[in-house]
Amino acid sequence: MAVRIDTRYTERFVTKEQVSAMQPRIASAHEQLHSGTGLGNDFIGWLNLPTDYDKEEFARIKQAAAKIRSDSDVLVVIGIGGSYLGARAAIEYLKSPNYNLATNGGPQIFFSGCNISSDALNELFMLCEGKRVSVNMISKSGTTTEPAIAFRAFKKYMEERYGKDGARERIYCTTDRAKGTLKALATTEGYETFVVPDNVGGRFSVLTAVGLLPIAAAGVDIDKLMEGARLAQNELCDTDIEKNPCYKYAAVRNALYEAGFSTELLVSYEPAFQMMNEWWKQLYGESEGKDTKGIFPASAIFSTDLHSLGQYIQDGARILFETVCVFDQPKQQRVIEDDPANVDGLNFLTGMTMDEVNKKAFAGTVLAHVDGGVPNIALNIDTWSESDLGYLIYFFEKACAISGYVLGVNPFNQPGVEAYKKNMFALLGKPGYESQKAELEARLAE
Ligand code: PA5
């Protein structure tokens, strides 16, 4: 299996018996998920997506990506939450966090509409200056405020630069198959559209057009990405937690949660994993954090954050456990050079690879954190390939769904994210929210 789990550093905190006691709950969660009888069962399209996807659309995604690569220096991807995190995570993971500085002939890819910052939007227009631009607007609902504001600005910009006909050739919309404002707008304007399937929620949508178009535009082989996810779909079905690392992960994290460890830190020793952390945080936070329950998802990149969060992790409130994503090898090795003068006293490292040092940092940190009271799960990942990333994405999605059912929540809704939007709309004077406006303003004035 492309992802393997090592839970030996949790055994001091939850016994083998406590983990085994999860087995029936995992089996029941599996049954609910696979029979489609669990909560939120109208949003489980991601479960069979690696085999059951629209092949005609998949071919169109590859064509559109090839066109973008041939006629654009910049692709602006507009979306928020599940409509951008997966694509950004995959591009940084497979290419580099510095992909835009060395695109190897592909377009630079900038993400917009994931905040309401005028500085960020204005800077992006500056970055587009003198470059050939395409836009991929992604919104399932079509009404999300952040991307809608950015798209309003980019639509105007594209029409001014290229004319209405030219803009039409360069704007791609990924949205609902039939309904919503974005779908209606795309139909009126004649933009090429791609579909967010009805039964796939935003945070589970990276292997649909939502993620695949920007990822393919970055030059990634999306066939291989799907191939890895397919492998995971086939392999991660055994209900026996000792044979299925995905279900073992769900079992151990729930056992830790019930033993009082309420915050999970997803950790990697590779900066290219940073946006995967962000994608994972949305996936788990939005899926599990409800009904006053759920593990709080946090993240860190080590050893970087050992110099900022390390003190807290070692010595702070004992609510943390870590899940460390460990790669067998880096993408490229680098050997530490000799310094005949040994001015820094580091000649004991001469000839070692940086990865050997990184792995020793990991080993030393695990022991220290476990001694400090922080359980550690390791997820061992074979390679940085497209296929292994596809596997890892599916692994996390399935473990999340199973975990949610074990926790007793609906892992596929997100009622809580509406609260801030209602207040914001009322304060902005959106029609229909008049009655709340006065009350909110009075509270703010208190
Ligand atoms: O997971 C989710 O459903 C959310 O994070 C959405 O992806 C996010 O709010 C964006 O929604 P939309 O694609 O409708 O603009």
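Whatever order the structure lists ligands and atoms in, that order sets their numbers, starting from 1.
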[Y] six-ring face occupied by [X] cation (under 6.0 Å, within 45°):
| X | Y | result |
| --- | --- | --- |
| Arg60 | Phe58 | no |
| Arg170 | Tyr162 | yes |
| Lys155 | Tyr157 | no |

Nearest neighbour in protein (non-hydrogen) for [atom]:
| atom | answer |
| --- | --- |
| atom 6 (C) of ligand 1 | Gly82 N, 4.0 Å |
| atom 5 (O) of ligand 1 | Gln282 NE2, 2.5 Å |
| atom 3 (O) of ligand 1 | Gly202 N, 3.6 Å |
| atom 1 (O) of ligand 1 | Glu286 OE1, 2.8 Å |

- May I have the step-by-step check of side-chain hydrogen bond (donor to acceptor under 3.5 Å, both in side chains) for Ser387 and Ser385, ending in yes or no? CA-CA 5 Å; Ser387 167; Ser385 66; 4.7 Å; no

- Between the side chains of Gln108 and Lys131, does any donor sit under 3.5 Å from an acceptor? yes

- Item | Subset of ligand 1 atoms that lie under 4.0 Å from at least one heavy atom of Thr144 | 11 (O), 12 (P), 14 (O), 15 (O)

- atom 10 (C) of ligand 1: of Val200, Ile80, Thr175, the nearest heavy atom sits on Ile80

